[in-house]
Amino acid sequence: MTVEYKDSEYKESKAEILRRQSIERFLKYDQEKMIALFNLPCDEETISIDFLGKTYTIYRKSGELMQGERFADLDEMASIYEFLTTATHQPNETNDWRSIAALCTNTTDTSLGRYVEYLRPFEGKLTLMQEACSRLGGIPADKGDVSSLIPVFHGITVWFQYWEADDEFPASVQFLWDASIVDFFRWSILWNIMTCITKRMKEEADLA
């Protein structure tokens, strides 16, 4: 029996819509093609992929995505499925680093202030922040009070830079991407990845 809902009783949330669209996008794609392109571990039921230093499991028939025993959140799903369904070749970074403002040329909303707020629990704890970056597989780099080259997927890196507040300037953060990133992600998905990074940093530092 089909159950019909009135708008006042049920309305699919924006998050539910985006999650459903991500799954539908994945299920329409040639799974064998993505497996071969990135040599992904797989069997008849699952595909595995590493993202920010952790292994995620994709259930091939349902499109559900899990990290360990938990379902992946929307940011993780959007990031992983965008990569798998967009890539046509292996990443080949050029070391031409671009800011998010330079990449998001069709929007004026390029403020990173939200990520400064996400990282506020690290105030006065720069060593803890650097250690959290290392647990994500990051390699210390220059520029910033904390600076790290963090692997996102195999062959794709983000350059994370953080400056702590002082008497003259507020805290600030920067995420730099290789210019070749446009071959793999729409600019909007980069925001999802950056959100994943800040969440993971807090989790690794037990500040979530």
Side-chain angles (χ1 to χ4, degrees), residues 18 22 25-26 29 34 37-38 40 49-56 65 67 72-119 122 126 129-164 170-204:
L18 292 174
S22 292
R25 175 175 177 152
F26 169 79
Y29 196 81
M34 65 177 70
L37 180 59
F38 297 111
L40 299 175
I49 185 170
D50 290 339
F51 173 57
L52 293 174
K54 288 190 175 184
T55 300
Y56 289 73
L65 178 68
Q67 199 290 302
D73 64 28
L74 179 59
D75 291 305
E76 293 167 317
M77 180 175 282
S79 303
I80 290 171
Y81 285 176
E82 176 85 0
F83 179 64
L84 290 177
T85 60
T86 300
T88 59
H89 58 83
Q90 290 274 354
N92 184 20
E93 294 186 316
T94 64
N95 289 319
D96 178 9
W97 297 101
R98 305 285 180 89
S99 69
I100 194 71
L103 293 167
C104 299
T105 54
N106 59 344
T107 179
T108 57
D109 181 17
T110 56
S111 171
L112 295 172
R114 75 190 75 171
Y115 297 105
V116 174
E117 291 300 314
Y118 293 165
L119 295 170
F122 284 102
L126 295 180
M129 179 182 280
Q130 189 68 64
E131 290 173 351
C133 290
S134 296
R135 292 192 187 102
L136 267 64
I139 299 172
D142 57 1
K143 291 189 178 180
D145 295 321
V146 173
S147 183
S148 187
L149 295 168
I150 298 174
V152 178
F153 293 103
H154 178 71
I156 291 183
T157 305
V158 63
W159 186 356
F160 171 80
Q161 301 171 353
Y162 178 82
W163 289 264
E164 194 166 45
S172 63
V173 65
Q174 183 64 268
F175 296 84
L176 299 180
W177 299 89
D178 191 90
S180 63
I181 199 70
V182 296
D183 291 342
F184 300 92
F185 297 98
R186 292 168 291 171
W187 65 265
S188 58
I189 302 298
L190 298 181
W191 296 99
N192 297 96
I193 297 174
M194 295 187 299
T195 299
C196 290
I197 291 169
T198 53
K199 286 180 182 176
R200 284 286 311 282
M201 287 173 63
K202 289 194 290 185
E203 289 171 1
E204 294 295 339

Subject >> Atom CD1 of I139: over 12 foreign heavy atoms under 6.0 Å >> reply: no
Subject >> Heavy-atom side-chain proximity of V158 to W97 below 4.5 angstrom >> reply: no
**OP:** Please tell me if the side chains of I189 and F184 come closer than 4.5 Å, counting only heavy atoms from C-beta onward.
**Re:** no
**OP:** Provide the closest heavy-atom pair for L112 versus W191 in the form atom of the first, atom of the second, distance.
**Re:** CD2-CZ3, 3.8 Å
With a 3.5 Å cut-off and sequence neighbours excluded, list the donor-acceptor pairs that the side chains of residues 82-93 form with protein atoms.
residue, atom, partner, partner atom, Å
E82, OE1, R25, NH1, 3.3
E82, OE1, R186, NE, 3.2
E82, OE1, R186, NH2, 2.7
E82, OE2, R186, N, 3.0
E82, OE2, R186, NE, 3.0
T85, OG1, R25, NE, 2.7
T85, OG1, R25, NH2, 3.3
T85, OG1, Y81, O, 2.6
T86, OG1, R25, NH2, 3.0
T86, OG1, E82, O, 2.8
Q90, NE2, L37, O, 2.6
E93, OE1, T157, OG1, 3.4
E93, OE2, T157, N, 2.7

Original post:
Under 3.5 Å, side chain of E76 to main-chain N/O of D73, donor-acceptor pair present?
Top reply: yes
Original post:
So, do F175 and I193 sit near enough that their side-chain heavy atoms are less than 4.5 Å apart?
Top reply: no
Subject >> Trace of the side chain to side chain contact (heavy atoms under 4.5 Å, CB included) decision for L103 with W177 >> reply: CA-CA 9 Å; L103 293 167; W177 299 89; 3.7 Å; yes
Original post:
Out of curiosity, D50 CG to L40 CG, how far, rounded to the nearest 0.5 Å?
Top reply: 9.0 Å
Subject >> Shortest non-hydrogen contact from G138 toward P151 >> reply: N-CD, 4.0 Å
Subject >> Minimum-distance pair of heavy atoms, taken over all atoms of M201 and A132 >> reply: O-CB, 3.5 Å
Subject >> Backbone N/O of E164 and side chain of D145: donor-acceptor pair under 3.5 Å >> reply: yes
Original post:
In Å, rounded to the nearest 0.5 Å, how long is the span from CG of D142 to CD of Q161?
Top reply: 8.0 Å
Original post:
Is M194 close to I100 at the side-chain level, that is, under 4.5 Å between some pair of heavy atoms?
Top reply: yes
Subject >> Student check: side-chain heavy atoms of I80 and Y56 closer than 4.5 Å >> reply: yes
**OP:** Answer whether the closest heavy-atom distance between the side chains of F160 and V146 falls below 4.5 Å.
**Re:** yes
Subject >> Nearest heavy atoms of F185 and S79, plus distance in Å >> reply: CE2-O, 3.5 Å
Subject >> Shortest non-hydrogen contact from Y162 toward A171 >> reply: OH-CB, 3.8 Å
Original post:
Mind checking whether Y118 and Y115 have parallel, tilted or perpendicular rings, split at 30° and 60°?
Top reply: perpendicular
Original post:
Between F51 and R200, is any pair of side-chain heavy atoms under 4.5 Å apart?
Top reply: no
Subject >> Over all atoms of both residues, closest heavy-atom pair of S147 and K143 >> reply: CB-O, 2.8 Å
Original post:
Is D178 reaching over with its side chain to a backbone N or O of N95, donor-acceptor style, under 3.5 angstrom?
Top reply: yes
Subject >> Interatomic distance, T198 atom OG1 to M129 atom CE [nearest 0.5 angstrom] >> reply: 10.0 Å
